**Q** 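Before anything else, here's the structure in question.
Every chain is numbered from 1 and lettered A, B, ... according to where its sequence line falls, protein lines coming before strand lines. Quick caveat: nothing in here was measured; it's all calculated off a predicted structure.
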Protein chains: 2
Amino acid sequence: MEYAFNGVTPVILGFLDFGSRSGYDIKNAVDKSTRFFWAASYGQIYPELRRLEKSGLIEGESAPRGGRRRTVYTITDAGREALLRWLRAPELTREVRDEGMLKLFFAGALEPEEALGLLQAKRRQHEEALRRLRAIELDTPESEGLPYVVLQGGLAIHESIVEWCSKMERRLGKGGS
Amino acid sequence: MEYAFNGVTPVILGFLDFGSRSGYDIKNAVDKSTRFFWAASYGQIYPELRRLEKSGLIEGESAPRGGRRRTVYTITDAGREALLRWLRAPELTREVRDEGMLKLFFAGALEPEEALGLLQAKRRQHEEALRRLRAIELDTPESEGLPYVVLQGGLAIHESIVEWCSKMERRLGKGGS
DNA sequence: GACGGCATGTAAGTCGTTACATGATTTG
DNA sequence: CAAATCATGTAACGACTTACATGCCGTC
């Protein structure tokens, strides 16, 4: 039987393939990297670590720091194979839930200045995202590797949204629709 | 008491503000427009129509076509106010789940040619999205209004992703990381 | 008469977030 | 010594998808 992946499975296997870590470490790694396009919570991570260990895709070892209990997990050969199978599978799910876009879509119910305000708010949101991504860019030494490629993608997306906002703000500001 | 919005609430109120419709009509409208950034299923729409009607934000009227029963809903003043309150609220949730990005992030476990294939697959996915958006652009007459602005945003995003893919494909193809 | 589109609806199940609980350690 | 951080975990809840069920209508 193939191991049934859920949302957090590839994240755990992927980060453990970079190196052994605790659940807490995985959560921190996610929050500094993939969460921009794939989030994960403790409520997913800890139960899934159990499940993966039971199936032999990872192995946990007690590694307390001082008096704090701590379990560090290591990916197994079976786990690496499962990760590769997932990487090679053709599915590329992509889902977006963007309330700013939705509001803009229905903003005809508002006064024009308010619709303009919505665009400005959206621009600010993505400018903020750009600041965060650029901060990450600065404190990661390597300017190569796939994670860096992905970071460049994030920058490209947010930059294009900011540009589109600016353009549309000018249009709406001039009374054009 | 404020009406508690869920994911599908603003979609229903927004489309009914454009004009009276049945649940089926709303689903079709969503699938041709907002679903690129905000999807909705029948499993959400029909129960929420009931709930909205019970609270007086919309009103349903039987409007059969031939022997097919059909209920057309109309937004009320209370419904319009709720829509405006939502439009004016500062929250702008934005969530993305992009499996292509996640795979690329962990693609170091693959051979370089396979990682390149992942990038190409992602590019094709967004080229396909562009085709769909451009088809919508062509068969909608008005080239103004907020929905048109949002459509332009969708085009800008997918175009920037396609460009980023092309650029990174060239980089990886040359043996760069 | 089969198939596709119109039209409404529900049940089951999955998925994910949030809040909470516990307790140790480090830092200001 | 208080607050932040390390570290693990669970329970409750809400959200959403999928599959299914029903039945009418038009057309090939």
**Q** What integer distance in Å separates A:Lys27:NZ from D:dA7:C1'?
**A**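 Interatomic distance, NZ of A:Lys27 to C1' of D:dA7: 14 Å.
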**Q** Does B:Thr34 have any side chain to side chain donor-acceptor pair (under 3.5 Å) partners at least two apart in sequence or in another chain, and if so, which?
**A**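 By the side chain to side chain donor-acceptor pair (under 3.5 Å) rule, B:Thr34 matches no residue at all.
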**Q** Mind checking the CD-CG spacing from B:Glu114 to B:Leu116? Nearest 0.5 Å is all I need.
**A**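 One gets 10.5 Å once the value is rounded to the nearest 0.5 Å.
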**Q** Inspect the contact between A:Arg50 and A:Glu53 and indicate whether a charged nitrogen and a carboxylate oxygen are less than 4.0 angstrom apart.
**A** no
**Q** Is there a path of hydrophobic side-chain contacts, each under 4.5 Å between heavy atoms of I, L, V, M, F, W or Y residues, that connects B:Val96 with B:Leu92?
**A**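 Different clusters: B:Val96 never reaches B:Leu92 through Ile, Leu, Val, Met, Phe, Trp or Tyr contacts under 4.5 Å.
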**Q** Taking any atom under 4.0 angstrom from a heavy atom of chain A, which nucleotides of DNA chain C are the first and last to qualify, 5' to 3'?
**A** C:dG16 to C:dT25
**Q** Using the salt bridge (charged side-chain N to carboxylate O under 4.0 Å, His left out) rule, take A:Glu127 and A:Arg124 through it: C-alpha gap first, then chi angles, then the decisive distance, then the call.
**A** CA-CA 5 Å; A:Glu127 284 168 347; A:Arg124 265 178 255 118; over 6 Å; no
**Q** Nearest heavy atom decides the nucleotide; on that basis, is B:Tyr42 or A:Arg65 closer to the 5' end of DNA chain C?
**A**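 The residue mapped nearer the 5' terminus is B:Tyr42.
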**Q** Could you identify which residues of residues 12-24 of chain A place a heavy atom less than 4.0 Å from some atom of DNA chain D, listed by residue number, or say none?
**A** A:Ser22, A:Gly23, A:Tyr24
**Q** Could you run down the sub-3.5 Å N/O contacts of the protein with nucleotides 22-24 of chain D?
**A**
from   : atom 1 : to      : atom 2 : distance (Å)
D:dC24 : O2     : B:Arg68 : NH1    : 3.0

**Q** How far does the helix from C:dG1-D:dC28 to C:dG28-D:dC1 bend, going by the axes of its first and last five pairs, to the nearest 10°?
**A**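 That helix gives 30° between its end axes.
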**Q** May I ask you to say whether B:Glu48 pairs ionically with B:Arg51, meaning some side-chain N is under 4.0 Å from a carboxylate O?
**A** yes
**Q** Parallel, tilted or perpendicular: which describes the rings of A:Phe105 and B:Phe18, with under 30° parallel and over 60° perpendicular?
**A**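 Because their plane-to-plane angle lies in the 30° to 60° range, the rings of A:Phe105 and B:Phe18 count as tilted.
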**Q** What is the separation between atom CZ on A:Arg69 and atom P on D:dT8, rounded to the nearest whole Å?
**A** 7 Å
**Q** Evaluate the ring planes of A:His126 and A:His158, with Trp represented by its six-membered ring, and classify them as parallel (under 30°), tilted (30 to 60°) or perpendicular (over 60°).
**A** tilted
**Q** Which atom pairs, one a donor and one an acceptor, fall under 3.5 Å between side chains of residues 56-72 of chain B and the rest of the protein, sequence neighbours left out?
**A**
from    : atom 1 : to      : atom 2 : distance (Å)
B:Arg70 : NH1    : B:Ala63 : O      : 3.2
B:Arg70 : NH2    : B:Asp25 : OD2    : 3.4

**Q** Can you tell me how far P of D:dT18 sits from CD1 of B:Ile45, to the nearest Å?
**A** 14 Å
**Q** Let me spell it out: for each of A:Asn6 and B:Pro47, pick the nucleotide of DNA chain C with the closest heavy atom. Which residue's pick is nearer the 5' end?
**A** B:Pro47
**Q** Tell me: CD1 of A:Ile26 to C1' of D:dA7, nearest whole Å?
**A** 13 Å
**Q** Please determine if B:Glu159 and B:Arg134 form a salt bridge, counting it only when a charged side-chain N lies under 4.0 Å from a carboxylate O.
**A**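 Counted as a salt bridge, because a side-chain N and a carboxylate O are separated by less than 4.0 Å.
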**Q** Would you tell me if any nitrogen or oxygen in the side chain of B:Gln44 comes within less than 4.0 Å of OP1 or OP2 on D:dA15?
**A**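 Looking at the OP1 and OP2 atoms of D:dA15, neither is under 4.0 Å from any side-chain N or O of B:Gln44.
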**Q** Rounded to whole Å, please give me the gap between CH2 in B:Trp38 and P in D:dT17.
**A** 11 Å
**Q** Is it the case that the side chain of A:Ser160 and the backbone of A:Ile157 share a donor-acceptor pair, with hydrogens and angles ignored and the cut-off at 3.5 Å?
**A** yes
**Q** Output the distance between atom CG (B:Asp98) and atom NZ (B:Lys122), rounded to the nearest 0.5 Å.
**A** 3.5 Å
**Q** Are A:Phe5 and A:Arg85 close enough that some pair of their side-chain heavy atoms sits under 4.5 Å apart?
**A** no
**Q** CZ/A:Phe36 to CZ/A:Arg132 distance, rounded to the nearest 0.5 angstrom?
**A**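 One finds 6.0 Å between CZ of A:Phe36 and CZ of A:Arg132.
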**Q** To the nearest Å, give me how far apart CG (B:Asp31) and P (D:dT17) are.
**A** 11 Å
